[in-house]
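To start, the structure itself, in structure tokens.
Quick note on labels: first sequence line is chain A, next is B, and so on, each numbered from 1. These numbers come from the heavy atoms of this one structure, side chains and all, not from hydrogens, waters or symmetry mates.
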Amino acid sequence: MKIIACIKRVPATDAQAKIDASASSLDTSSFQYMTSFYDEIAVEEAVKTKESHGGEVTILTLGPAEASKEVRECIAKGADAGVILTDDDWQARDCRSTAKALAAKIQELGADIVFCGKVATDRDNAAVGPMLATYLGWACVTDACELELDGSSGTAKRATEAGLESVSFSLPAVITCDKGLNEPRYAGLKGIMAAKKKPLDEAAPQAEESHAKVVSLETPAPRPEGKIIGEGAAAVEDLIQALRNEAKVL
Amino acid sequence: MSKAILFIEHAGGELRRASLECLGAALSAGLDVTAVVMGPGADAAASALSSSGANAICHLTGADTWSPDRAAADLAALAKESGASAFLAAATATGKDVAPRVAAHLDSTLFSDITSLDSSSGSLRTTRPWLAGKVIATCESASEVFCATTRPNAFSAPEGGGSAEVSERAASADCKASVTGVSAKEGGKLDVQEASVVVAGGRGLQEAEHFSLVEGLADAFGGAAAVGASRAIVDAGWRPHSEQVGQTGKVVSPNLYIAVGISGAIQHLAGMRTSKTIVAINKDADAPIFKVADYGIVGDAFEVVPALTEAIAKVQAEA
């Protein structure tokens, strides 16, 4: 099976957000970067799929050349190769231009199944996976928390507000991965050493203008200073009064 | 007036609140709305919609098995044929599954989880959170069709009125993936993103069994509340990920958020800071959760929560 896991280099989740002088982009100077949380689950599922069905796993990203750090870390968990669509202006890309660039590369590489995280923890848009599938004309299951593959088809489960949905699909497919699908492994020393020798290609992504225009960015106003009502169960009565008369939520 | 295609969800004919809010967002922005319904019960949904304020209703027939790719292809075809300049859906699990595919069919960008929509500048302008709400981005689309999903609880449902005509159209046949079943949640429990009250628990509860305190308090709200959880207790296996609030879970903005034994890591605060009123109950008076809480009680959850549960039950009984 030809397997691809798409990952994104994102600011660490404990990052404090600062906005730069232009007021339309982030001040990234203090950011530490990491592979997006759900993309780690995608990489794990890709490696597990290789282990049970055979084949090769390629880690694919669109980002700066520095993303080789994240790609190597993912290769170290059991993938075979990496490809970076290098774009210094990656922060300005929108879901559409990213999905189109990934789709073009995936078409060129060829794949039976592509794994993505269900959402990247920077822009929170949850769009690239299903858009990519649509540009490719493939099946797609988003937010998968269970997956079974069987030759040319598969079944997956995804959590909705109404309960767990069972979805059957045909391959090739794009699967976006939710927490619960697996427990991402740590890279062992052997994997880290081996990853250094695996091929990591850089290529230019398909040029595509971003359609999402950022007019301005702001950090939300801090919440007004709250108050400690009191201590212990004795404070409950005052809390009820406050919720009723001040906040008017009861 | 600019035309918009809206994907409206329903459960066996009963319109979903998040979808009505999406309709409210579109109508408030002055869009000429065609609301699209499909699936079992769509007849009833269509007639409920005809007096909702929507300008037209389209019932896609024959789509009794749910397929997100088929729905997306049909919705995109409707948008193209009608010359729509906007496509909107609610940012639910289903809406977020379908909308990106519609956007790709229309070769348009997509804004997920928008929290405002405004056409006063002449084109549609929207705000949406980045980094789980640490940043609010104001955006416009340069695409032919403005595509977005509306965050639950961020918009008001329309007041209703009018009597829109319902047209029927056959759904297409091709589907690459389809839903073969749904295992319903126990007792029709509310989702943490849709509830108007969220009671969330964290590590301060000490043991998985003590989460029943949180459930008891949620139950006291008589069906209006859902339970939430911090990442620590989801990772510990006490609660399912579907209940996790925060940057790697769900972002919620209920009317009332009650945090029990949650210290308030930055990733958790990002997931609940837009709640209208926040109450925190924590033993540690220095816990960061008190910085965002409107009302705090310093104390032992095992003492405070039962008293609060009883008081809320009393308030509910009087109402």
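No other option in B:A73, B:C139, B:G299, B:G133 has as many heavy-atom pairs under 4.5 Å with chain A as B:C139. Put simply, of B:R273, B:E303, B:K96, the one with the most heavy-atom pairs under 4.5 Å next to chain A is B:R273. For the options A:A159, A:S153, A:G230, heavy-atom pairs under 4.5 Å to chain B are most numerous at A:G230. Options B:G181, B:G246, B:A307, B:A137 differ in how many heavy-atom pairs under 4.5 Å they form with chain A, and the most are formed by B:G181. Chain B forms the most heavy-atom pairs under 4.5 Å with one residue out of A:E231, A:E225, A:M131, A:E183, and that residue is A:M131. Across B:P129, B:S143, B:P240, B:S141, the residue that shares the most heavy-atom pairs under 4.5 angstrom with chain A is B:S143. Taking A:V249, A:D238, A:T176 one by one and counting their heavy-atom pairs under 4.5 Å with chain B, the maximum is reached by A:V249. Among A:K118, A:K100, A:E237, the residue with the largest count of heavy-atom pairs under 4.5 Å with chain B is A:K100. Per-residue heavy-atom pair counts under 4.5 Å with chain A were compared for B:I266, B:I297, B:D191, B:T277, and the maximum is reached by B:I297. Chosen from A:E246, A:K18, A:R123, the residue pairing most often with chain B at heavy-atom distances under 4.5 Å is A:R123. In terms of heavy-atom pairs under 4.5 Å with chain B, the best-connected choice from A:A233, A:S166, A:A99 is A:S166.
With values rounded to the nearest 0.5 angstrom, B:D235 atom CG is found 7.5 Å from B:T248 atom OG1. Expressed to the nearest 0.5 Å, how far CD1 of A:I19 lies from NZ of B:K134 amounts to 12.5 Å.
Between the side chains of A:S24 and A:S216, no donor N or O sits under 3.5 Å from an acceptor N or O. Between the side chains of B:S253 and B:S275, no donor-acceptor pair of N or O atoms lies under 3.5 Å. When only modelled atom types and interatomic distance are considered, A:S97 and A:D94 share a side-chain donor-acceptor pair under 3.5 Å.
The main-chain N or O of B:D113 is found under 3.5 Å from a side-chain atom of B:T149 such that the two form a donor-acceptor pair.
For a residue to count as touching a neighbouring chain, one of its non-hydrogen atoms must lie under 4.5 Å from one of that chain's; by this rule A:A23 does not touch chain B. A:L132 does not touch chain B: none of its heavy atoms, backbone or side chain, sits under 4.5 Å away. Only the side chain of A:P11 comes within contact range of chain B, judged by heavy atoms closer than 4.5 Å. Contact of A:D178 with chain B is made through the side chain alone, with heavy-atom distances under 4.5 Å. For a residue to count as touching a neighbouring chain, one of its non-hydrogen atoms must lie under 4.5 Å from one of that chain's; by this rule A:L164 touches chain B with backbone and side chain alike. Only the side chain of A:I240 comes within less than 4.5 Å of a heavy atom of chain B; its backbone N, CA, C and O stay farther away.
Between B:R16 and B:E194, at least one side-chain nitrogen of the basic residue sits less than 4.0 Å from a carboxylate oxygen of the acidic one, meeting the salt-bridge criterion. Using a 4.0 Å cut-off between charged nitrogen and carboxylate oxygen, A:R93 and A:D87 count as a salt-bridge pair.
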Show your reasoning for whether side chain to side chain contact (heavy atoms under 4.5 Å, CB included) applies to B:V251 and B:R151. CA-CA 10 Å; B:V251 176; B:R151 167 164 285 186; 3.2 Å; yes

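Within residues 37-44 of chain A, the residues that have a heavy atom under 4.5 Å from a heavy atom of chain B are A:F37, A:Y38, listed by number.
Taking 4.5 Å as the limit, every side-chain heavy atom of A:V167 sits out of range of all side-chain heavy atoms of A:T155. Side-chain contact between B:V199 and B:Y257 is absent, with no heavy atoms from C-beta onward closer than 4.5 Å. Between A:I106 and A:V114 the shortest side-chain heavy-atom distance falls below 4.5 Å.
Contact detail for B:V135 and A:L26: the closest heavy-atom pair is CG2-CD2, 3.7 Å.
Figure legend: cation-pi geometry between B:R128 and B:F111 absent, as NZ or CZ is not positioned both under 6.0 Å from the six-membered ring centre and within 45° of its axis.
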